[in-house]
Number of protein chains: 2
Amino acid sequence: MTEKSRFDAELNEKLATSGFRFTAQRRNVYNVLVNKRDHPTAEEVFIRSKADMPDISMATVYNCLDALVKCGLAKQVNHDSTAKRFCSNMQEHCHYYCTDCNRVFDIDLKESPRMPEADLPENFKPDQIDVAMRGRCPDPACATAGAKD
Amino acid sequence: MTEKSRFDAELNEKLATSGFRFTAQRRNVYNVLVNKRDHPTAEEVFIRSKADMPDISMATVYNCLDALVKCGLAKQVNHDSTAKRFCSNMQEHCHYYCTDCNRVFDIDLKESPRMPEADLPENFKPDQIDVAMRGRCPDPACATAGAKD
DNA sequence: CTAGGTGCAAAAGGTTTGCGGTTAA
DNA sequence: TTAACCGCAAACCTTTTGCACCTAG
């Protein structure tokens with residue numbers, strides 16, 4: 001099986017499991033997310049998708065992103081900004097938001113984030129714990145940006 | 001000093017420190033945030049503010065919320081939904097998002113969230129770590145909502 | 001064949017901006 | 001006195017929706 005057909009087969013299976021059809025647009029959008037994992041906004045996905053598929057529409061990009069989130073191939077990332085961003089890294093990780101350049105970085109975790117039972121009021125039982133960090137990133141332009149604040 | 005004038009004095013000082021003026025609208029908006037700490041959206045703040053100040057405008061509510069965030073009296077909370085929410089609890093705490101009723105709960109932390117140096121790539125130095133949890137809240141309508149999913 | 005997906009255009013949130021008048025300091 | 005702030009309305013940006021056509025299964 002070629003690399004390309006394996007990509008398609010895996011995407012197809014995940015989509016089908018959640019009752020979604022496999023379409024060229026969904027493959028294209030998923031491909032965009034996987035190829036450059038920089039947490040693009042829907043608009044950025046739209047622009048990149050048009051490179052391979054000039055007639056794709058914004059509404060379809062939203063539809064595709066929604067389907068990918070629902071079938072477990074992508075996650076929404078909620079930044080401070082208004083537009084939602086998308087992440088195709090489904091491994092356990094957390095996000096580092098650069099307060100200077102606004103980029104979002106994936107940070108792998110060596111241990112799962114834990115929330116001691118003792119800290120939780122009775123009957124709060126989280127399914128999921130997200131850790132987000134804010135600070136400057138190592139890019140020299142940001143790391144040395146102190147003066148301009 | 002009465003309770004009311006102490007509230008005003010503290011607000012005034014925080015605003016002044018960041019170069020903002022003390023206005024009746026800002027007092028009103030801050031009062032709304034402090035009185036009911038349920039993480040309202042800008043629109044909800046607008047509605048509640050109008051109870052005491054019927055002529056306040058939406059643009060002013062945004063301006064006031066922005067000033068309060070900038071002078072350290074409130075924080076933005078980024079939910080999954082589109083509208084930003086606001087939190088006047090400035091103590092270290094984390095947020096629990098009920099996946100059923102969408103309410104946001106403050107959870108106090110007994111120890112600070114920590115991120116072992118070892119987990120961070122070189123030169124990432126977070127100023128702030130946010131922990132968010134998702135799951136059902138203890139409200140009976142949510143806690144027993146499994147069937148309808 | 002047909003339910004689900006697509007493209008388009010219009011509408012619906014949510015937030016920001018420009019401007020003339022008002023006000024805190 | 002005057003820079004900052006207010007209210008209003010229009011603009012802007014992001015996301016959703018309605019509809020006629022198309023296509024995967």
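Letters A, B, ... are given to chains in the order of the sequence lines, protein chains preceding strands, and every chain is numbered from 1.
The side chain to side chain donor-acceptor pair (under 3.5 Å) pairs that include a residue from residues 9-23 of chain A number zero, where partners must be two or more places apart or lie in different chains. Among residues at least two apart or in separate chains, salt bridge (charged side-chain N to carboxylate O under 4.0 Å, His left out) pairs with a member in residues 46-60 of chain A are A:Asp38-A:Arg48.
When DNA chain D is scanned 5' to 3' for any atom under 4.0 Å from a heavy atom of chain A, the first and last hits are D:dT14 to D:dG25.
Against DNA chain C, the stretch residues 10-21 of chain A makes heavy-atom approaches under 4.0 Å through A:Phe20, A:Arg21. At a non-hydrogen distance threshold of 4.0 Å, A:Ala42, A:Glu43 from residues 32-58 of chain A come into contact with DNA chain D.
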Under 3.5 Å, which donor-acceptor pairs link side chains of residues 61-73 of chain A to any protein atom two or more places apart or in another chain?
residue : atom : partner : partner atom : Å
A:Asn63 : OD1  : A:Arg26 : NH2          : 2.9
A:Asp66 : OD2  : A:Lys70 : NZ           : 2.9

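Annotation: salt bridge (Lys or Arg N to Asp or Glu O under 4.0 Å) contacts of B:Arg103 (sequence neighbours excluded): B:Asp139. Annotation: ring-ring contact (aromatic ring centres under 6.0 Å, His included) contacts of A:Phe86 (sequence neighbours excluded): none. Listed by chain and residue number, nothing satisfies the ring-ring contact (aromatic ring centres under 6.0 Å, His included) test with B:Phe20 (two or more places apart in sequence, or in another chain).
One finds a side-chain N or O of B:Tyr62 lying less than 4.0 angstrom from the OP1 or OP2 phosphate oxygen of C:dT15.
Taken over five-pair windows at either terminus, the axes of the helix from C:dC1-D:dG25 to C:dA25-D:dT1 are inclined to one another by 50° (rounded to 10 degrees).
Counting Ile, Leu, Val, Met, Phe, Trp and Tyr side chains that sit under 4.5 Å apart, directly or through other members, A:Val104 shares a hydrophobic cluster with A:Val77, A:Tyr97.
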Under 3.5 Å, N/O pairs linking protein and nucleotides 19-22 of chain C:
none

